[in-house]
S.K.: 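Dumping the structure here so I can ask a few things about it.
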Amino acid sequence: MTALASAGFLPASADELPDSLDVRPLDEVVITGHSARQRVADAHVGSESLELDKLSLTPRLFGENDIVKSITLLPGVHSKAEGAGGFEVRGGNAYHIIVKADRRYHRVAFTRIDYIEGLKDYVILHLSDGSRLITRSTIKNMEESLPCDAFMRVGKSYIVRLSQIDSFDTNDLFIGDAQIPIGAAYRDRVLQALMN
């Protein structure tokens, strides 16, 4: 009742209530939104924007908003070194990454990645068509290159694309035939994200 009153649906006090309320059950409630898959599919490839009203939320350097620092916070963008000018864009935009595997560079759309498995200084990208790409990188670097609303680190050696999870229990995730363990340190956060 208090939540309804504070939202403006009911009077704040019992004195303001009418003698009888017309209470009827709702036949249907429709909630709409956009899934992560829809947001990626509807994206304008190759373009990024920074809204002017969000400029006040960007990092400040000597009292001025630092737009270059804001760019380095985007997925797939890394500064070369602390204090160095410029930055490196991995993949050129926020909808794919470029990885070197088999002596070639591969452009891999985020929507093609099912999950990523870390092997010390290498990672294996498991793709939705069943193929794999092995590239020299760390799981931490991959995590920083991926959009956090579509991917989640679920253990020391695994990152999954959330929309690809078929089923799960408290210890494992299942994507197709793959069984991916949920790390103990990640379990609460992963299960909370999956239940919502």
Side-chain angles (χ1 to χ4, degrees), residues 28-49 71-78 87-196:
E28 180 179 2
V29 175
V30 178
I31 300 172
T32 60
H34 298 289
S35 69
R37 182 181 298 218
Q38 203 172 11
R39 287 191 307 268
V40 171
D42 296 341
H44 299 289
V45 176
S47 67
E48 289 294 331
S49 63
I71 292 170
T72 63
L73 297 174
L74 293 171
V77 180
H78 306 280
F87 46 87
E88 175 183 316
V89 178
R90 182 176 188 148
N93 69 39
Y95 306 104
H96 68 266
I97 56 174
I98 294 178
V99 297
K100 186 175 182 181
D102 305 321
R103 297 184 306 231
R104 296 188 305 179
Y105 290 93
H106 299 266
R107 184 180 311 199
V108 182
F110 294 142
T111 55
R112 289 185 55 214
I113 301 170
D114 284 348
Y115 67 97
I116 300 171
E117 180 180 359
L119 304 169
K120 197 172 180 180
D121 293 331
Y122 289 87
V123 294
I124 303 172
L125 281 74
H126 295 267
L127 305 179
S128 54
D129 64 1
S131 64
R132 301 178 332 160
L133 290 174
I134 302 172
T135 187
R136 185 170 173 80
S137 185
T138 63
I139 198 82
K140 183 177 189 285
N141 286 342
M142 278 292 160
E143 183 180 21
E144 292 171 355
S145 299
L146 299 168
C148 60
D149 64 333
F151 291 86
M152 178 178 272
R153 184 138 179 206
V154 298
K156 183 179 175 185
S157 301
Y158 289 95
I159 298 171
V160 300
R161 184 159 58 107
L162 296 170
S163 63
Q164 293 304 101
I165 298 171
D166 296 319
S167 60
F168 63 93
D169 59 32
T170 55
N171 296 313
D172 298 293
L173 304 172
F174 300 90
I175 298 177
D177 294 334
Q179 181 175 349
I180 300 163
I182 301 173
Y186 298 84
R187 184 168 288 118
D188 292 339
R189 187 173 60 93
V190 170
L191 293 176
Q192 181 180 5
L194 294 174
M195 295 298 218
N196 293 332

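Computation of the quantities below employed the complete heavy-atom set of this structure, encompassing side-chain atoms and omitting hydrogens, waters and symmetry-equivalent molecules. For reference, positions follow the sequence shown, starting with 1.
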S.K.: Holding to side chain to side chain contact (heavy atoms under 4.5 Å, CB included), I want the full list of residues that pass it with Tyr105, two or more places apart in sequence or in another chain.
M.R.: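 With neighbours one apart ignored, the set is Ile98, Lys100.
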
S.K.: Nearest 0.5 angstrom please: Phe151 CZ to Ser163 OG, how far?
M.R.: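 One finds 7.5 Å between CZ of Phe151 and OG of Ser163.
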
S.K.: Show me the donor-acceptor pairs within less than 3.5 Å that the side chains of residues 173-188 make with the rest of the protein, sequence neighbours left out.
M.R.:
unit_1	atom_1	unit_2	atom_2	d
Gln179	NE2	Asp172	OD2	3.1
Arg187	NE	Thr170	O	2.7
Arg187	NH2	Asn171	OD1	3.3
Arg187	NH2	Ile182	O	3.2

S.K.: For the pair Met195 and Phe168, evaluate side chain to side chain contact (heavy atoms under 4.5 Å, CB included) and give the outcome as yes or no after the intermediate values.
M.R.: CA-CA 10 Å; Met195 295 298 218; Phe168 63 93; 4.0 Å; yes

S.K.: When you measure from the side chain of His106 to the backbone N and O of Ala101, does any donor-acceptor pair fall under 3.5 Å?
M.R.: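 Yes; at least one donor-acceptor contact below 3.5 Å.
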
S.K.: Between CZ of Arg161 and CZ of Arg112, what distance do you get to the nearest 0.5 Å?
M.R.: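 With rounding to 0.5 Å, CZ (Arg161) is 10.5 Å from CZ (Arg112).
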
S.K.: Do you know which two heavy atoms are closest between Phe110 and His96, and how far apart they sit?
M.R.: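 Nearest heavy atoms, Phe110 then His96: CE1-N, 3.7 Å.
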
S.K.: Looking at Leu127, is its backbone amide N or carbonyl O close enough to the side chain of Ser131 to form a donor-acceptor pair, meaning the two atoms are under 3.5 Å apart?
M.R.: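 Flag not set: sc Ser131 to bb Leu127 has no pair under 3.5 Å.
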
S.K.: Kindly compute the distance separating CG (Leu146) from CD1 (Ile159), expressed to the nearest 0.5 Å.
M.R.: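 The CD1 atom of Ile159 is 5.5 Å from CG of Leu146, to the nearest 0.5 Å.
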
S.K.: Determine the minimum heavy-atom distance between Ser157 and Ile139, stating which atoms define it.
M.R.: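 Residues Ser157 and Ile139, closest heavy atoms: O-CD1, 3.8 Å.
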
S.K.: Decide side chain to side chain contact (heavy atoms under 4.5 Å, CB included) for Leu162 and Leu194; before the verdict, give the C-alpha distance in whole Å, the side-chain angles of both, and the deciding distance to 0.1 Å.
M.R.: CA-CA 8 Å; Leu162 296 170; Leu194 294 174; 4.3 Å; yes

S.K.: Nearest 0.5 Å, what's the CG-OG1 distance between Asp114 and Thr111?
M.R.: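 Rounded to the nearest 0.5 Å, the CG-OG1 separation comes to 10.5 Å.
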
S.K.: From the options Leu125, Thr135, Leu133, Ile124, select the one residue that forms a side-chain contact (heavy atoms from CB on, under 4.5 Å) with Ile116.
M.R.: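 It is Leu125; the other options fail the test.
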
S.K.: Counting N and O atoms only, with roles assigned by atom type, does the side chain of Arg189 sit under 3.5 Å from a partner on the main chain of Met152, one being a donor and the other an acceptor?
M.R.: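 Judged by distance alone, no pair lies under 3.5 Å.
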
S.K.: Looking only at non-hydrogen atoms, find the nearest pair between Met142 and Ile97 and report the distance.
M.R.: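 Nearest pair, atom of Met142 first, then Ile97: SD-CD1, 3.9 Å.
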
